[in-house]
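Lettering of chains follows the sequences in order, A, B, ..., and the numbering in each one begins at 1.
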Amino acid sequence: MSQRYLKNYLQKLSKAGNNLNFVSAAYRYGKFTIYCLIGPEENIIHLTFAPNRHELAQKQLAGLDQNVCFKTLQQDVFRYNIVFHDYFTGNLSRFPIKTDSPFIGAGTRFQQRVWHHISAIPYGCSITYKRLAELAGSPKAVRAAGTACGANPLALIIPCHRVVAQKGLGGFAGGLAAKKSLLALEGFKNNCI
DNA sequence: GTGTGGCAGTTAG
DNA sequence: CTAACTGCCACAC
């Protein structure tokens with residue numbers, strides 16, 4: 001994770017006349033809770049089911065510039081509230097969300113390749129960590145592919161819950177129960193790739 | 001089922 | 001530079 005890239009992002013925001021006000025909020029959809037970080041340009045820059053990851057992402061930004069601050073935003077005026085509501089009720093299979101997160105650019109080459117290939121997994125489908133490693137061009141980097149999944153800064157939008165072990169579910173930063181529920185929600189049956 | 005060694009990428013020191 | 005740590009896999013019992 002390149003701190004320099006993140007710092008650059010903050011500098012660019014400042015130069016463009018933004019004050020570094022971010023939204024930090026937890027939103028609830030039935031049994032799911034997502035933790036969002038939203039940038040000054042209203043883009044989601046970080047999304048996770050794991051509160052500790054959410055904290056960490058905030059600390060990273062705050063540590064790079066004194067002017068960074070976080071405010072909350074009520075769920076009913078959250079720009080993508082309907083979108084997530086529809087997804088979590090099984091009525092949406094693709095996110096019409098412009099993803100523009102500095103945490104992607106701050107990732108390593110390998111991580112970015114992994115995230116790219118995860119993004120291509122269709123709704124309701126899955127691939128294995130092994131296949132993902134192959135697609136990312138490092139067939140033997142199976143464990144590394146797993147850790148790259150865990151480092152994914154945009155849960156759901158980059159659907160890392162659709163990556164499973166050859167035998168079993170594998171892991172999930174936001175808890176295995178959530179991963180299981182997401183796959184069930186999507187009507188997951190078998191590998192599609 | 002369970003042990004265990006190997007693995008590649010990332011991070012901390 | 002090492003060493004430690006993973007959302008794993010293969011291959012043994």
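- A:F110 comes within contact range of the sugar-phosphate backbone alone, with a heavy-atom separation under 4.0 Å but no base atom that close.
- Going from atom CH2 of A:W115 over to atom P of C:dG7 covers 14 Å, rounded to whole Å.
- Comparing B:dA8, C:dG7, C:dA10 against the side chain of A:A173 picks out C:dG7 as the nearest.
- Between the side chain of A:R28 and the backbone N or O of A:G30, at least one donor-acceptor pair lies under 3.5 Å.
- Put simply, CD1 on A:I121 is 13 Å from C1' on C:dG7, counting in whole angstrom units.
- Annotation: side chain to side chain donor-acceptor pair (under 3.5 Å) contacts of A:Q58 (sequence neighbours excluded): A:S24, A:H54.
- One can place CG of A:N52 at 11 Å from P of C:dG7, the figure rounded to the nearest angstrom.
- Under the 3.5 Å distance criterion, the side-chain polar atoms of A:R79 are left unmatched by any main-chain donor or acceptor of A:N43.
- Residue A:A144 is classed as a base contact, given a heavy-atom separation below 4.0 Å to a base.
- DNA chain C is contacted by both A:Q166 and A:R53; A:R53 maps to the nucleotide lying nearer its 5′ end (nearest heavy atom per residue).
- Residue A:L135 contributes atom CG, which lies 18 Å from atom P of B:dA8 at whole-angstrom precision.
- Between A:K130 and B:dC7 there is no side-chain polar atom (N or O) within less than 4.0 angstrom of OP1 or OP2.
- Rounding to whole angstrom units, CZ of residue A:F172 and P of C:dG7 are separated by 12 Å.
- Out of C:dA10, B:dT11, C:dC8, the shortest distance to the side chain of A:V142 is found at C:dC8.
- Atom pair A:R131:CZ and C:dG7:P shows a separation of 23 Å (rounding to whole Å applied).
- Within the 3.5 Å criterion, the main-chain N or O of A:P153 finds no donor-acceptor partner in the side chain of A:W115.
- Of the listed nucleotides (C:dC9, B:dG1, B:dA8), B:dG1 has the atom at the smallest distance from the side chain of A:K167.
- Nearest to the side-chain atoms of A:R143 among the listed nucleotides B:dT11, C:dC8, B:dG1 stands C:dC8.
- Contact check, A:S138 against B:dG9: a side-chain N or O comes under 4.0 Å of OP1 or OP2.
- When the P atom of C:dC9 is taken as reference, atom CG of A:L132 falls 11 Å away, rounded to whole Å.
- A:S138 contributes no side-chain N or O that, together with a main-chain N or O of A:A141, makes up a donor-acceptor pair within less than 3.5 Å.
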- Query: According to the Watson-Crick and G-U wobble definition with distances under 3.5 Å, which dot-bracket string, read 5' to 3', encodes DNA chain C, using [ ] for crossing pairs and | for pairs with another strand?
  - Reply: ||||||.||||||

- Give the intermediate values and the outcome of side-chain contact (heavy atoms from CB on, under 4.5 Å) for residues A:F22 and A:I38. CA-CA 6 Å; A:F22 290 81; A:I38 303 169; over 6 Å; no

Validation: residues 94-105 of chain A side-chain donor-acceptor distances under 3.5 Å, sequence neighbours left out:
{"from": "A:S101", "atom 1": "OG", "to": "A:I45", "atom 2": "O", "distance (Å)": "2.6"}
{"from": "A:S101", "atom 1": "OG", "to": "A:F103", "atom 2": "N", "distance (Å)": "3.1"}

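- Across the protein-nucleic acid pair, A:L182 atom CG and C:dG7 atom P stand 17 Å apart, rounded to whole Å.
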